[in-house]
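First comes the structure, then the notes that go with it.
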Amino acid sequence: MPNPDILARVVIALGGNALQSKESDGTADAQLKVVKETCELLAELSAEGYEMAIVHGNGPQVGRILLSSETAKDVVPPMPLEVCGSMSQGYIGYHVQQALKHDLAKRGLSYPVVTMVTQTIVDKEDPSFKEPTKPIGPFYTEQEANDLVAQRGYEMREDKARGGWRRVVASPKPQKIVEIEAVKQLWDSTIVICAGGGGIPVIENADGTLEGVAAVIDKDFGAELLAEEVDADILLILTEVEKVAINFGTPQQQDLDHLTLAEAAQYCEAGQFGKGSMLPKVEACMKFVRSYPSKRAIITSLSKAKEALAGNTGTVFTY
Ligand SMILES: Nc1ncnc2c1ncn2[C@@H]1O[C@H](COP(=O)(O)OP(=O)(O)O)[C@@H](O)[C@H]1O
Ligand SMILES: NC(=O)OP(=O)(O)O
């Protein structure tokens, strides 16, 4: 890659707060403002000598695209969910490309930054098609949620921690990144934004053709698969909290510096990690270190990314 003093190859998963603030009104301007702050930090990592690929979430964005498409169905044909997913990769990638390129240039770095529309193969028999779990789009009150179930047939689930109801869709596990060879070829010269939202979910038919399916993959699992495929040294999952905790949100909360596979499994079993929030991140980290026992996976906040990569904070997963 561009920088001769490579510190490590890192796949970075960007959580929701890296793309939008809590108060975000969902406008493109609001997203770009947050993305600009995020890219300052990413450019700093790049300048330090970390090679990176970027995987972003898309839950709020893909949900809003789907909602506008459904709402306008009498005027324009509605788009299937996976097509909405591809659109979300495009506009989030566009914002990251623009902001990151600018921040790299400020540091005298001229690496190309490119977004790759990425498909991810899933199993059509994945159990999640029968039990949707992935929250997308805006938050609703209970009354609004009930109305949406009755009027539009949405499946809705309460997010108690964040005080609202959200539409949920299937979230199958990613099995294979279709464009992975292109990502590998670009790695040495380019910062690639790929597998956004975990990738556009597709199934592989018996004749080898690909077909989109209505689902949203978890970006943490997508990032983990990418990290395995590109032989990354580190899987870095950036979210809102600096460290994973046990007894999270209680007076007994204890932030964790380090988790072995065995410890993490025990805490998963004990229900210590929020389903649909921290649990998939922990599971993705566990999968990475299980596959590569000599490597690290880290969960930390965006603002602590540099410190965490240097080994000074975050929750570090090892075999
Ligand atoms: N055990 C835990 N330790 C730390 N955070 C937790 C835990 N369980 C649930 N959480 C919550 O999970 C959030 C991360 O999930 P989420 O917001 O869905 O991620 P993303 O950043 O990818 O959007 C944290 O900000 C925190 O509020
Ligand atoms: N696809 C995905 O995992 O998106 P979020 O991180 O926004 O939930």
Side-chain angles (χ1 to χ4, degrees), residues 12-22 24 26 31 34 38 54-66 81-82 84-86 88-89 92 118 120 122 128 132-139 157 159-164 166-174 194-201 215-226 235-250 252-257 259 263-264 266-285 299-305 314-315 317:
I12 300 179
L14 288 181
N17 68 320
L19 304 175
Q20 305 201 320
S21 72
K22 280 207 179 91
S24 173
Q31 177 172 291
V34 177
T38 298
I54 299 165
V55 176
H56 59 75
N58 72 343
Q61 294 85 351
V62 72
R64 280 198 303 267
I65 296 170
L66 183 66
L81 176 54
E82 70 278 11
C84 297
S86 70
S88 74
Q89 287 186 349
I92 297 170
T118 317
T120 302
V122 300
S128 83
T133 52
K134 184 77 192 160
I136 61 166
F139 284 82
R157 184 164 296 180
D159 181 342
K160 285 206 176 83
R162 280 174 278 202
R166 283 177 97 188
R167 183 176 185 182
V168 286
V169 297
S171 191
K173 290 280 190 308
C194 58
I200 305 159
V216 174
I217 297 170
D218 187 290
K219 59 110 180 25
D220 298 309
F221 290 129
E224 192 283 329
L225 182 59
L226 179 71
L235 169 64
L236 178 65
I237 297 184
L238 300 179
T239 183
E240 215 177 324
V241 290
E242 184 173 342
K243 293 180 186 182
V244 179
I246 48 171
N247 305 315
F248 178 71
T250 73
Q252 288 74 42
Q253 175 168 333
Q254 191 188 331
D255 291 348
L256 305 170
D257 297 327
L259 275 171
E263 288 163 345
Q266 197 187 334
Y267 290 138
C268 286
E269 183 78 9
Q272 285 286 350
F273 309 124
K275 271 189 195 166
S277 59
M278 190 48 78
L279 184 62
K281 297 179 197 313
V282 169
E283 287 176 342
C285 290
I299 297 177
T300 193
S301 62
L302 187 64
S303 60
K304 296 286 177 183
T315 302
F317 291 74

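Numbering of ligands and ligand atoms starts at 1, following listing order. All figures in this text were calculated on a predicted structure; none of them were measured in a lab.
In this structure, the side chain of Thr239 does not engage the main chain of Gly15 through any donor-acceptor pair within 3.5 Å. For the pair Arg166 (side chain) and Gly137 (backbone), a donor-acceptor distance under 3.5 Å is present. Panel note: side chain Thr120, backbone Pro174; no donor-acceptor pair is recorded below 3.5 Å.
In this structure, atom 8 (O) of ligand 2 lies nearest to the protein heavy atom Lys134 NZ, 2.9 Å. The protein heavy-atom contact nearest to atom 25 (O) of ligand 1 is Glu240 CB, 3.4 Å. In terms of protein heavy atoms, atom 17 (O) of ligand 1 is closest to Arg162 NH1, 3.1 Å. Of all protein heavy atoms, the one closest to atom 27 (O) of ligand 1 is Phe248 CZ, 3.4 Å. Summary of contacts: the protein heavy atom closest to atom 5 (P) of ligand 2 is Gly59 N, 3.6 Å.
Ligand 1 has an N or O atom lying under 3.5 Å from an N or O atom of Gln272, backbone or side chain. An N or O contact shorter than 3.5 Å is missing between Val216 and ligand 2 by distance. Considering backbone and side-chain N/O of Lys219, one or more are found under 3.5 Å from N/O of ligand 2. Residue Gly198 places no N or O, backbone or side chain, under 3.5 Å from any N or O of ligand 2. Considering backbone and side-chain atoms together, Lys243 places no N or O closer than 3.5 Å to any N or O of ligand 1. Considering backbone and side-chain atoms together, Asn58 places an N or O closer than 3.5 Å to an N or O of ligand 2.
Of all the atoms in ligand 1, the ones that sit under 4.0 Å from a non-hydrogen atom of Thr239 are 14 (C), 19 (O), 20 (P), 21 (O). Near Pro60, with a cut-off below 4.0 Å to any heavy atom, the atoms of ligand 2 are 7 (O). The ligand atoms of ligand 1 that sit less than 4.0 angstrom from a heavy atom of Gly16 are 20 (P), 21 (O), 22 (O), 23 (O). Under a 4.0 Å criterion applied to the non-hydrogen atoms of Ser277, ligand 1 contributes the atoms 9 (C), 12 (O), 15 (O), 18 (O). Every atom of ligand 1 is numbered from 1 in the order shown, and the set under 4.0 Å from a heavy atom of Val241 is 4 (C), 5 (N), 24 (C), 25 (O). Listed by atom number, the atoms of ligand 2 under 4.0 Å from Gly197 heavy atoms are 1 (N). In summary, the atoms of ligand 2 found under 4.0 Å from a heavy atom of Gly57, numbered by their order in the structure, are 4 (O), 5 (P), 6 (O), 7 (O). Listed by number with element, the atoms of ligand 1 under 4.0 angstrom from any heavy atom of Gly274 are 8 (N), 9 (C). Atoms of ligand 1 lying under 4.0 Å from at least one heavy atom of Gly15, given by number and element, are 20 (P), 21 (O), 22 (O).
A salt bridge between Lys173 and Glu283 is absent, with no side-chain N of the basic residue lying under 4.0 Å from a carboxylate O of the acidic one.
Comparing Gly59, Ala245, Pro135, Pro60 against atom 1 (N) of ligand 1, the shortest heavy-atom distance belongs to Ala245.
Closest heavy-atom contact between Ala13 and Lys219: CB-CD, 4.2 Å.
Only the side chain of Lys219 comes within 4.0 Å of ligand 1, judged by heavy-atom distances.
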